[in-house]
Amino acid sequence: MPFKQPDPWSNQFFKNIKVRDDVVIPVKDFNVWPLYPDHRWIYDKLAVALSQELKAAPHGVPSPSYPVFSEHVSSDAAVMDGVVVWWSHTTGISAGEGSFNYWHIHAKAMPEIENYCSAWSDKHLAGYTGMANFETIGGRIIEAHLRLTNQWPDLYGKGWLDAIVRLYTEKRWVFEAGFRARDMLSEAFGLDKEQ
């Protein structure tokens with residue numbers, strides 16, 4: 001299956017999508033590593049932080065100040081030669097202890113995140129075409145991935161997965177649906193519902 005992912009539950013989203021056998025569309029970070037050697041540095045969180053001129057250091061190095069954390073946003077983006085051409089944003093609804101009960105998939109754009117991450121992508125992802133996922137806090141990137149998020153491709157609208165295939169096979173983005181008309185919630189997997 002050209003959508004490279006090990007989670008059997010997500011096969012339902014990809015099994016009927018036609019893709020040439022020689023095309024690989026990564027869904028997990030370990031699939032990305034051999035495909036994009038020039039962009040492997042994106043998995044170094046310190047390098048990502050320093051590329052934004054954020055104060056960062058390895059664990060154990062004293063910090064002169066500590067950041068105030070705000071809302072955590074996970075943003076999927078379609079990227080063509082470093083330029084972002086499509087966005088979708090989700091926020092986690094906390095279950096406590098660092099996990100999420102639900103993901104809130106937003107219908108509206110988030111201009112602050114889109115403008116910041118687009119400028120960063122223009123500068124640092126030139127030469128890359130495919131999906132990207134940006135994890136942000138306070139509008140700054142804390143983590144990035146060169147792949148799509150496999151949790152809700154069915155919620156992005158009809159034709160979205162076909163647009164992904166075109167992005168990887170033809171290096172072009174055509175998706176008519178744009179943003180959804182309403183916000184949605186996606187329940188997190190693997191939680192004990194007694195919590």
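On a predicted model such as this, the values are computed, not experimentally measured, just so you know. Throughout, residue positions are numbered sequentially from 1 according to the sequence presented.
- When each of L35, N31, V165, I17 is checked for a side chain to side chain contact (heavy atoms under 4.5 Å, CB included) with I25, only V165 meets the rule.
- Between the CZ atom of R40 and the CH2 atom of W33 there is a distance of 5.5 Å, given to the nearest 0.5 Å.
- Judged purely by distance below 3.5 Å, without hydrogens or angles, the side chains of Y128 and D81 never pair a donor atom with an acceptor atom.
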### Task
Give the C-alpha distance, both sets of side-chain angles, the deciding distance and a yes or no for side-chain contact (heavy atoms from CB on, under 4.5 Å) between F14 and V19.
CA-CA 10 Å; F14 308 114; V19 186; over 6 Å; no

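- In this model, a donor atom of one side chain and an acceptor atom of the other lie less than 3.5 Å apart for H89 and E114.
- Follow the hydrophobic side-chain contacts under 4.5 Å out from I113 and you never reach L54; the two are in separate clusters.
- In this model, no donor atom of one side chain and acceptor atom of the other lie less than 3.5 Å apart for H72 and T136.
- Separation of atoms CD1 (I42) and OG (S121) is listed at 8.0 Å; rounding is to 0.5 Å.
- No more than 12 heavy atoms of other residues, nucleotides or ligands sit less than 6.0 Å from atom CD of E53.
- Side-chain contact between W173 and V79 is absent, with no heavy-atom pair separated by less than 4.5 Å.
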### T90/V73 under side-chain contact (heavy atoms from CB on, under 4.5 Å): CA gap, chis, key distance, verdict
CA-CA 6 Å; T90 61; V73 180; 6.0 Å; no

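- Of the possible polar contacts, none joining the D183 side chain to the H106 backbone as a donor-acceptor pair under 3.5 Å is found.
- Summarising the geometry of Y116 relative to G139, their closest heavy-atom pair is CD2-O, 3.4 Å, with the distance given to 0.1 Å.
- Taken from NZ in K18 to CG in N16, the straight-line distance is 7.5 Å, to the nearest 0.5 Å.
- Side-chain N/O atoms of S74 and N133 include a donor and acceptor closer than 3.5 Å.
- For the salt bridge (charged side-chain N to carboxylate O under 4.0 Å, His left out) test, residues two or more places apart in sequence or in another chain that qualify with K45 are E143.
- Checking D76 against Y156 by side-chain atom types alone, a donor-acceptor pair falls below 3.5 Å.
- Proximity of a side-chain donor or acceptor of Y168 to a complementary backbone N or O of M131 within less than 3.5 Å is detected.
- Counting only heavy atoms from C-beta outward, the side chains of W87 and M110 never approach each other to under 4.5 Å.
- Under a cut-off of 6.0 angstrom, the local environment of NZ in K55 is sparse, with at most 12 non-hydrogen atoms contributed by other residues, nucleotides or ligands.
- The ring of W41 has its center no closer than 6.0 angstrom to the ring center of H39.
- Between S51 and W120, the side chains place a donor N or O and an acceptor N or O closer than 3.5 Å (distance only, hydrogens not considered).
- Put simply, the side chain of I105 reaches to within 4.5 Å of the side chain of S88, judged on heavy atoms.
- In terms of the salt bridge (charged side-chain N to carboxylate O under 4.0 Å, His left out) criterion, residue partners of E170 (sequence neighbours excluded) are, by chain and number, R172.
- Under the 30°/60° scheme for interplanar angles, the aromatic rings of F175 and W86 are found to stand perpendicular.
- For D21, the CG atom is loosely surrounded, since the number of other residues' heavy atoms within 6.0 Å does not exceed 12.
- With rounding to the nearest 0.5 angstrom, the CZ atom of R140 is 6.5 Å from the CD atom of E112.
- Distance check: T149 OG1 to W103 CH2 gives 8.5 Å after rounding to the nearest 0.5 Å.
- With contacts defined as side-chain heavy-atom distances shorter than 4.5 Å, the pair V27/R147 does not qualify.
- I141 approaches F134 most closely through the heavy-atom pair CD1-CD2, 3.9 Å.
- One hydrophobic cluster holds both I164 and V23 under the rule that ILVMFWY side chains link at heavy-atom gaps under 4.5 Å.
- To the nearest 0.5 Å, atom CG of residue D38 and atom CG of residue L125 are 11.5 Å apart.
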